[in-house]
Amino acid sequence: MKKVTHAVIPVAGFGSRMLPLSKSIPKELLPLGRLPVIHYVIEEAIAAGIKHIVLVTHPQKQAIENYFDINVELDTALRESGKISLADNLQWLPDDVKISSIRQGKRLGLGHAVGAARPIIDGHHFAVLLPDVVIDPFKTNYAKQNLAYMTQQFLETGHSQILVDPVAEEDIHKYGVAELGEETKIYAKSQTNASLPVTGFVEKPDAKEAPSNLAVVGRYVFDCQILDYLDRTAPDKKGEIQLTDAIDALIQSAPVDVATMIGNSFDAGNMSTYLEAFNYFSEQQL
Ligand code: G1P
């Protein structure tokens, strides 16, 4: 059964690009308009049918787990003082959705973080959502587009799905980049989600050597065998286990597709793009 009900969200990172804001507040809890960054990412996962979300976390980031847990004292105080709708709004997480967490231990890269979820997700096909990346919730339909499209494609084809979006040449070195063959080196922005077979990925190439302009956005749907590939992935020059390298190896034995993205994504893990996103979300919610 290729139904995807599990998702992994790696949240153990220091957030060094967001200092000093992220020194004592996890970057995932910084505000975007009226809600913290990770709230949108969890809503996206739930809209795509995810029922069990695994946070791969760190002891310093317990505030994230607290955000998704009920605060009984606060709930009682709000209800006793008649602020019923405020209390109800805090219980937005659907009853059939579970959020659990597991520690990453040493921070050895994104691939290592995803692999750390194995004790909970083993045997399940699963999605990965990077919490820095927020897809515009005002102009995209989380229930049908992007991650929801990818889980549907996976159900129908069994091919792992990697969300990609064209980026400008000067930004290409910040991303994993897809290789689709000579005829698809330059891809125009899609108006609809489309799945295309991919032949490889390169993590953060120089623009001149990039195999295409299609960058990995931060949404993935994997066949569970990716965990075995992660176990076998050697660390890179910086000593990090890259998810991109494991996907590149998976492609050698199982079909993997890129899914082209609809709408805009915001990088909330970098100060200047976070501030742009902050302004946009605030304007939408004034
Ligand atoms: C990670 C991935 C990269 C992807 C990017 C998207 O990089 O390794 O392939 O394109 O997320 O945001 P990071 O931004 O963590 O360095």
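Read the numbers this way: they start at 1 and go in the same order the structure lists the ligands and their atoms. All values reported here derive from a predicted model rather than from experimental measurement.
- At a 4.0 Å cut-off, at least one heavy atom of L130 sits close enough to ligand 1 to count as contact.
- Residue E203 has at least one N or O atom closer than 3.5 Å to an N or O atom of ligand 1.
- A salt bridge does not link K174 with D267: every distance from a Lys NZ or Arg NE/NH1/NH2 to an Asp or Glu carboxylate oxygen is 4.0 Å or more.
- Considering backbone and side-chain N/O of Y220, none are found under 3.5 Å from N/O of ligand 1.
- Between R118 and D228, at least one side-chain N (NZ, or NE/NH1/NH2) sits under 4.0 Å from a carboxylate O, which counts as a salt bridge.
- Open room surrounds CD on E169; 12 or fewer heavy atoms of other groups in view lie less than 6.0 Å from it.
- In this structure, T244 is part of the shell of residues with a heavy atom less than 4.0 angstrom from ligand 1.
- Ranking protein heavy atoms by distance to atom 6 (C) of ligand 1, first place goes to V216 O, 3.4 Å.
- Screening H58, E65, K61, Q62 for a side chain to side chain donor-acceptor pair (under 3.5 Å) involving S101 leaves a single residue, E65.
- A side-chain contact (heavy atoms from CB on, under 4.5 Å) with Q161 is found for exactly one of Q152, R219, Q153, namely Q153.
- Under the 4.0 Å distance rule, the nearest protein heavy atom to atom 15 (O) of ligand 1 falls outside the cut-off.
- The closest approach between D267 and ligand 1 stays at or above 4.0 Å for every heavy atom of the residue.
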TODO: Check the pair E44 / N146 against side chain to side chain donor-acceptor pair (under 3.5 Å), numbers first and verdict last.
DONE: CA-CA 9 Å; E44 182 192 344; N146 300 322; over 6 Å; no

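- Taking the six-membered ring where the residue is Trp, F138 and Y40 present perpendicular rings, their angle passing 60° and hence far from 30°.
- The shortest contact between atom 7 (O) of ligand 1 and any protein heavy atom is with K204 NZ, 3.3 Å.
- Ligand 1 has no nitrogen or oxygen under 3.5 angstrom from a nitrogen or oxygen of G218.
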